[in-house]
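Everything below concerns the one structure shown next.
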Amino acid sequence: MVSAKNSVFAAILLLASGAVAQAPKRTHDGSHLPPAAIAALEGIRKENIETHVRFLAHDLLEGRGTGARGGDIAAQYIAAQFALYGLQPAGDNGTYLQRVPFVGVTPGADTRFTLVPASGAPMDLKVLDDYVVYDQTQKPASDIDAPIVYVGYGIEAPEYNWDDYKGVDVKGKVLLMLVNEPPSDDPNFFTGKALTYYGRWMYKYEQAARKGAVGAILVHKTEMASYGWDVVRNSNSGEKSYLQLDGTPKLNAAAWIQLEVARKLASAAGLDLDKMMADAQSRDFKPVSLPVRLAAHVTSKVRPFEANNVVAVLPGSGSLKAEGIMYTSHYDHLGIRPDMPGDNIYNGALDNASGCGILLELARVFAQSPQKPRRSVYFASVTAEEQGLLGSEYLGKHPPIPAGKISLDLNYDDVRPEGSPEQVEVSGAERTSFYPTVQATASDFRFKIRPDAHPEAGHYYRSDHFSLARVGIPSFSINQGIKFKGHDEAWGLAQDEDYVKNHYHQPSDEYLPGQDWTSDAAMARFGFALGWEAANQSHTVEWKKGDEFERARKASR
């Protein structure tokens, strides 16, 4: 009799058996590449990408949850493919796996959050309805009784001559701050309408902790955050994963409050919130100490666990082999929600088994090419993207070679099977010295480059390439636009809207027979050409002068 465990793995092997399916060749116009590179590029098969997705998104992998059995199976599957292709391991101790230590933090039911004005009644806030909070210090309990200081946008950006702290000592205090950044149409001031990292909640918490604050409270406003309170509430309930502490300062209370709660807080301080928000838009803004304290008891269930990044390398062939380029994609998704009736497996076929399928097909054709690039080529499939880009953050802090020697990272995330694309999106590429090559390559492929339709939403900071950018590596994601052969842009936009509304982060993001993976193969070919170019050019890719990541690039050298 076959055990249940053995039958599961037998099914896994059966599903994986088609991973090198072949198909007729398809040509492209990248004649500026050497013949060996063109041959490798033309060897990319959409059927191979589809087969990887079919396996990774199967119910047997249980949604590939971070640190869960299905996520571990996915990591082992990707490592096995790298080994079959003949790539060398670039993980820990001669393996393909890079161990990533995590801590899961779940807010306790007895957490209390109270605003205490100098005069007037205390305001006890209701969790999820009025506020959300996590203790980043990973302690089971933290008690806070500290004054609140309003610091506007909470930004220190010397390159824009902007300082919301103005030298004020905020150590031991709780900071009230706004999301986003000062509004502007000037591309030389916080890049105009496009959101920079200074506007992201991650930066604001990090900066508050660096300043010695014990807590930071972000004021939610839909127009400023680019999403409603429901997103804040849903993203900040239940367990949240963090990297294990590494000495970096953390907050005892990393919180959000509803806009109307912030109005009550301002009123209790004898102030008007609208005027406070308007005042914060000036360079002359100075921190304001409020006659209000935060009294909080934050409890947490703390659970250590670990997962793995999967990293392989194709060694370079020339004098530049000590340097490299990198391809990335995340393999994790949301796992299983046992409390949900019906289909409760979040398969993540498009987000992001699709990116993994592309990464694996790129790894195969690079490895099988008889000619190798001058620089080494690294392939990293990372964990915990859905937990806040944590796997790629760890990879950025512990790269296989020094970050200063990695010329470029090309990332794939959520590439949907929608036919033959006529556009590409490469948001962030324009910030690098590599952009002329991107433009020329897009022209070779007869792709039009579609600009970010919503730069104010800060999409650049929401995928794994950002983690590599933070340590100085020029990085961006590759994806298709909304114009496909045989359809107008309205059709593509409708597909986009339907996916976001009905399938994104839902159990219905599943592999379906009959999906057209031509688009994924096209994006793989385009990314292959870009990677080959970056791996062979004599100079490394750099951030353009004045970019927010230029300092990190210089520091990595």
Margin query: Assess the residue pair Leu128 and Val132 against the criterion (side chain to side chain contact (heavy atoms under 4.5 Å, CB included)); give the C-alpha distance rounded to whole Å, side-chain angles, the decisive distance to 0.1 Å, and a yes or no.
Written below: CA-CA 5 Å; Leu128 300 183; Val132 293; 3.9 Å; yes
Item checked: Residues Asn308, Gln98; criterion side chain to side chain contact (heavy atoms under 4.5 Å, CB included); working and verdict -> CA-CA 5 Å; Asn308 293 285; Gln98 180 186 53; 5.9 Å; no
Next item on the list: List the steps, then state whether side chain to side chain donor-acceptor pair (under 3.5 Å) holds for Thr114 with Asp124.
Entry: CA-CA 4 Å; Thr114 303; Asp124 294 321; 2.7 Å; yes
Notebook entry, point to check: So Leu218 and Met177, side chain to side chain contact (heavy atoms under 4.5 Å, CB included) or not? Walk me through it.
Noted result: CA-CA 5 Å; Leu218 300 180; Met177 60 183 70; 3.2 Å; yes
Note to self: Please determine whether salt bridge (Lys or Arg N to Asp or Glu O under 4.0 Å) holds for the pair Glu430 and Lys544, giving the CA-CA distance in whole Å, both sets of side-chain angles, and the decisive distance to 0.1 Å.
What the structure shows: CA-CA 9 Å; Glu430 72 283 356; Lys544 288 184 177 178; over 6 Å; no
Item checked: Full working for ring-ring contact (aromatic ring centres under 6.0 Å, His included) between Tyr460 and Phe476 -> CA-CA 8 Å; Tyr460 182 83; Phe476 57 91; 8.6 Å; no
Item checked: Steps toward side chain to side chain contact (heavy atoms under 4.5 Å, CB included) verdict (Leu175, Tyr165) -> CA-CA 10 Å; Leu175 306 184; Tyr165 288 90; 3.6 Å; yes
Checklist line | Candidate pair Tyr134 and Tyr205, rule ring-ring contact (aromatic ring centres under 6.0 Å, His included), full reasoning | finding: CA-CA 11 Å; Tyr134 281 86; Tyr205 287 155; 9.9 Å; no
Next item on the list: With salt bridge (Lys or Arg N to Asp or Glu O under 4.0 Å) as the test, would you mind laying out the steps for Glu393 and Lys397 before giving the verdict?
Entry: CA-CA 6 Å; Glu393 179 183 344; Lys397 291 177 176 178; 3.0 Å; yes
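Using a cut-off of 4.0 Å between Lys/Arg side-chain N and Asp/Glu carboxylate O, Lys448 and Glu422 are scored as not salt-bridged. In summary, Arg64 and Asp332 do not engage in a salt bridge, as defined by a charged side-chain N under 4.0 Å from a carboxylate O. Note on Glu206 versus Arg470: salt bridge recorded, some NZ/NE/NH1/NH2 to OD/OE distance being below 4.0 Å. Of the charged side-chain nitrogens involved, at least one lies within less than 4.0 Å of a carboxylate oxygen, so that Arg293 and Asp145 count as a salt-bridged pair. Using a 4.0 Å cut-off between charged side-chain N and carboxylate O, Lys554 and Glu550 make a salt bridge. Ion pair Asp230/Arg233 flagged as a salt bridge, since at least one NZ, NE, NH1 or NH2 atom sits closer than 4.0 Å to an Asp/Glu carboxylate oxygen.
A donor and an acceptor atom, one from each side chain of Thr328 and Asp464, are nowhere located under 3.5 Å apart. Between the side chains of His333 and Asn352, no donor-acceptor pair of N or O atoms lies under 3.5 Å. When only modelled atom types and interatomic distance are considered, Ser354 and Asp414 share no side-chain donor-acceptor pair under 3.5 Å. There is a side-chain donor-acceptor pair under 3.5 Å between Tyr198 and Glu159. Side-chain contact, Glu156 with Gln207: a donor N or O sits under 3.5 Å from an acceptor N or O. For the 3.5 Å distance criterion, the side chains of Gln423 and Glu489 qualify, holding a donor opposite an acceptor. Residues Asp135 and Ser142 bring a donor and an acceptor atom of their side chains to less than 3.5 Å of each other. Counting only N and O atoms by type, the side chains of Thr248 and Asp246 include a donor and acceptor under 3.5 Å apart.
Crowding of Lys483 atom NZ: a count of heavy atoms from other residues, nucleotides or ligands under 6.0 Å exceeding 12. At most 12 heavy atoms of other shown residues, nucleotides or ligands fall within 6.0 angstrom of atom NZ in Lys264. Residue-environment remark: NZ (Lys166) exceeds the threshold of 12 foreign heavy atoms within 6.0 Å.
Heavy atoms only, all atoms of each residue included: Ala469 and Ser475 are closest at N-OG, 3.6 Å. Between Trp162 and Ile155, the closest heavy-atom pair is CD1-O, 3.6 Å. In terms of heavy-atom proximity, Trp229 sits nearest to Asp129 at NE1-O, 3.7 Å. Taking both residues in full, the closest heavy atoms of His58 and Asn347 are given as C-ND2, 3.9 Å, listed atom of the first, atom of the second, then distance. In terms of heavy-atom proximity, Pro421 sits nearest to Gln480 at CB-CB, 4.1 Å. Counting all heavy atoms, side chain and backbone alike, Leu251 lies closest to Gly215 at CD2-N, 4.0 Å.
Every residue two or more places apart in sequence or in another chain was checked for a salt bridge (Lys or Arg N to Asp or Glu O under 4.0 Å) with Glu418, and none qualifies. Among residues two or more places apart in sequence or in another chain, the side-chain contact (heavy atoms from CB on, under 4.5 Å) test is passed with Leu195 by Asn180, Glu181, Arg200. Remark: Thr222 pairs with His220 by the side-chain contact (heavy atoms from CB on, under 4.5 Å) rule, at least two apart or across chains.
Within the 3.5 Å criterion, the main-chain N or O of Tyr160 finds a donor-acceptor partner in the side chain of Arg283. The backbone N or O of His465 lies less than 3.5 Å from no partner atom in the side chain of Ser463, so there is not a single donor-acceptor pair. Of the possible polar contacts, none joining the Asp509 side chain to the His505 backbone as a donor-acceptor pair under 3.5 Å is found. A donor-acceptor contact shorter than 3.5 Å links the side chain of Asp164 to the backbone of Tyr153. In this structure, the side chain of Ser556 engages the main chain of Arg553 through a donor-acceptor pair within 3.5 Å. Between the side chain of Ser392 and the backbone N or O of Leu395, no donor-acceptor pair lies under 3.5 Å. The backbone N or O of Ser477 sits nowhere less than 3.5 Å from a side-chain atom of Asn411 that would complete a donor-acceptor pair.
Screening residues 333-359 for salt bridge (charged side-chain N to carboxylate O under 4.0 Å, His left out), with sequence neighbours left out, gives no hits.
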Could you give the side-chain donor-acceptor pairs of residues 267-279 under 3.5 Å, partners two or more places apart or in another chain?
from, atom 1, to, atom 2, distance (Å)
Asp272, OD2, Asp274, N, 3.2
Asp272, OD2, Lys275, N, 2.9
Asp274, OD1, Arg263, NH1, 3.1
Asp274, OD1, Arg263, NH2, 3.4
Asp274, OD2, Arg263, NH1, 3.4
Lys275, NZ, Asp279, OD2, 3.0

Can you list, pair by pair, the side-chain donor-acceptor contacts under 3.5 Å of residues 294-304, counting residues two or more places apart and other chains?
from, atom 1, to, atom 2, distance (Å)
His297, ND1, Asp143, OD1, 2.6
Thr299, OG1, Asp110, OD1, 2.5
Thr299, OG1, Thr111, OG1, 3.4
Arg303, NE, Glu239, OE2, 3.0
Arg303, NH2, Glu239, OE1, 2.9

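Ring geometry, Trp491 versus Phe484: the interplanar angle exceeds 60°, so the pair is classed perpendicular (tilted spans 30 to 60°). In this structure, Tyr197 and Phe466 have tilted ring planes: the angle between them lies in the 30° to 60° band.
When each of Asp520, Asn479, Asp496 is paired with Arg416, the side chain to side chain donor-acceptor pair (under 3.5 Å) condition holds for Asp496 and for no other.
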